[in-house]
Amino acid sequence: MPELPEVETIAQRLREGRETHPLPGMKILRTSLQWPRHIQKPSLSTFRRRIKNRQVVDIGRRGKFLVFTLDEDYMLIHLRMSGDLYLQTASEPRGPYEHTIFYLEDDWQLRFSDSRKFGRIYYVQDPEEVLSHLGPEPLDPEFTAEKLTNRLWKHRRMLKPLLLDQRFIAGLGNIYVDEALHYAGLHPQVQSNTLSNHQAQKLWGGIRTALEKGLVHNGASIDWVYRGGNFQNEFRVYQRTGEPCPVCSTPIERIVVGQRGTHFCPGCQPEKHL
DNA sequence: CACGAGACCTGTTCGC
DNA sequence: TGCGAACAGGTCTCGT
């Protein structure tokens with residue numbers, strides 16, 4: 001689920017809060033930790049002790065991580081596959097997967113719903129303890145087409161798994177990689193070091209286009225996990241196996257690359273380039 | 001260094 | 001209808 005646009009949307013919503021109650025400024029009074037493995041760092045008891053009475057100052061994003069700046073220290077949350085994070089009041093009904101809940105002032109609660117329990121929470125003094133391995137932010141103005149090109153040429157890997165690698169570039173997941181490669185007209189199994197300058201340029205543009213469209217639509221909502229975005233209606237190839245390509249009408253194909261379902265248009269994204 | 005398999009979890013959808 | 005298999009937006013670790 002949550003890739004860069006979805007995580008960014010969630011961060012925005014938490015910053016704004018509900019009905020003129022932004023999360024920044026609220027204090028965490030206590031926590032309910034029904035799935036202890038959510039807490040990755042430090043130990044459960046230390047986490048419980050240190051998070052108590054911290055005030056949220058701001059909520060940001062780096063890659064797919066939510067970064068909570070507290071009045072002391074930082075809390076980072078990774079939603080992995082099925083996580084969602086939202087503000088509710090004590091009177092609103094509990095969802096079945098809200099394994100971790102932060103109790104705030106005035107009956108507000110920050111609820112971490114996570115049916116597959118893959119999500120992770122970190123409490124650290126320095127966010128870099130968790131984020132240091134991440135590659136560049138794809139929408140950072142500093143991240144130019146030239147920078148991407150140089151990084152692509154440093155590796156000899158297929159584009160699909162390389163773009164999913166958070167050390168190479170941060171924030172892309174299965175949806176946005178498939179969409180970006182289609183915008184760029186590149187086959188997912190092309191080797192990164194064989195791209196021409198022009199092709200690398202197009203890949204840079206494809207990544208930006210896919211992410212920016214995702215952001216405009218507040219991310220994608222798929223399956224039973226609804227988060228209010230509607231980018232799924234704009235998918236060109238993701239989960240559109242057999243449907244005609246919106247550009248050339250060739251039926252979209254699904255293959256498995258690096259153990260991930262991969263959707264592409266054989267017409268727009270040929271394996272061999274001219 | 002690059003890649004595949006398996007693990008971590010649970011819910012939904014597919015195929016017989 | 002029923003039941004097991006396959007599949008799912010992510011990432012880590014291990015073996016080749």
Discussion item. Measure CZ/A:Arg157 against P/B:dC1 and give the value in whole Å, please.
Written reply: 10 Å
Worksheet entry | Test log, rule side-chain hydrogen bond (donor to acceptor under 3.5 Å, both in side chains), inputs A:Thr89 and A:Glu92 | CA-CA 6 Å; A:Thr89 60; A:Glu92 289 174 283; 3.2 Å; yes
Discussion item. Using OP1 and OP2 only, check whether a side-chain N or O of A:Lys117 sits under 4.0 Å from B:dC8.
Written reply: no
Worksheet item: Distance between the P atoms of C:dC7 and B:dA5, in whole angstroms?
Response: 13 Å
Worksheet item: Is A:His155 near enough to B:dC1 that one of its side-chain N or O atoms lies under 4.0 angstrom from OP1 or OP2?
Response: no
Worksheet item: Which word best sums up how the rings of A:Phe65 and A:His78 line up, parallel for under 30°, tilted for 30 to 60°, or perpendicular for over 60°?
Response: perpendicular
Worksheet item: What is the base-pairing partner of C:dC14, counting Watson-Crick and G-U wobble geometry with both distances under 3.5 Å?
Response: B:dG4
Discussion item. Between P on B:dG4 and CG on A:Asp165, what's the gap in Å once rounded to a whole number?
Written reply: 14 Å
Worksheet entry | Any A:Arg254 side-chain nitrogen or oxygen under 4.0 Å from OP1 or OP2 of C:dA8 | yes
Discussion item. What is the distance, to the nearest angstrom, from the CZ atom on A:Arg62 to the C1' atom on C:dG10?
Written reply: 17 Å
Fill in: Contact under 4.0 Å: A:His78 side-chain N or O vs C:dT11 OP1/OP2
yes
Worksheet item: Is any side-chain nitrogen or oxygen of A:Lys154 closer than 4.0 Å to OP1 or OP2 of B:dC1?
Response: no
Worksheet item: For A:Arg116 and B:dC8, is the shortest distance between a side-chain N/O and OP1 or OP2 below 4.0 Å?
Response: no
Worksheet, complete the sentence: Between CE of A:Met81 and P of B:dC9 the distance, given in whole Å, is 14 Å
Practice prompt. Among the candidates B:dG11, C:dA8, B:dC3, find the nucleotide nearest to the side-chain atoms of A:Met158.
Written response: B:dC3
Discussion item. Pairing donors with acceptors under 3.5 angstrom, does anything connect the side chains of A:His263 and A:Asp178?
Written reply: yes
Worksheet entry | Atom-pair distance (CZ on A:Phe118; C1' on B:dC9), nearest Å | 4 Å
Discussion item. So, does A:Gln259 get its side chain near the phosphate of B:dG6, meaning an N or O under 4.0 Å from OP1 or OP2?
Written reply: no
Worksheet item: Atom CD1 of A:Ile10 and atom P of C:dG10: how far apart are they, to the nearest Å?
Response: 13 Å
Worksheet entry | Residue that, paired with A:Arg61, satisfies salt bridge (Lys or Arg N to Asp or Glu O under 4.0 Å) out of A:Glu137, A:Glu6, A:Glu3 | A:Glu137
Fill in: Atom P, compared across B:dG11 and C:dT1: separation rounded to whole Å
23 Å
Practice prompt. May I ask you to evaluate whether A:Arg80 reaches the phosphate of C:dC12, defined as a side-chain N or O under 4.0 Å from OP1 or OP2?
Written response: no
Worksheet item: Counting only side-chain N and O atoms of A:Arg260, is one of them less than 4.0 Å from OP1 or OP2 of C:dG10?
Response: yes
Worksheet item: Do you see a donor-acceptor pair shorter than 3.5 Å between the side chains of A:Glu98 and A:Tyr86?
Response: yes
Worksheet item: Between atom CG in A:Leu79 and atom P in B:dC9, what is the gap in whole Å?
Response: 17 Å
Practice prompt. Give A:Arg120 one of three labels, base, sugar-phosphate or nothing, depending on what nucleic acid heavy atoms sit under 4.0 Å from its own.
Written response: nothing
Practice prompt. State plainly whether the residues A:Arg15 and A:Glu8 are in salt-bridge range, i.e. N to O under 4.0 Å.
Written response: yes
Worksheet item: What integer distance in Å separates A:Ile169:CD1 from C:dT11:P?
Response: 13 Å
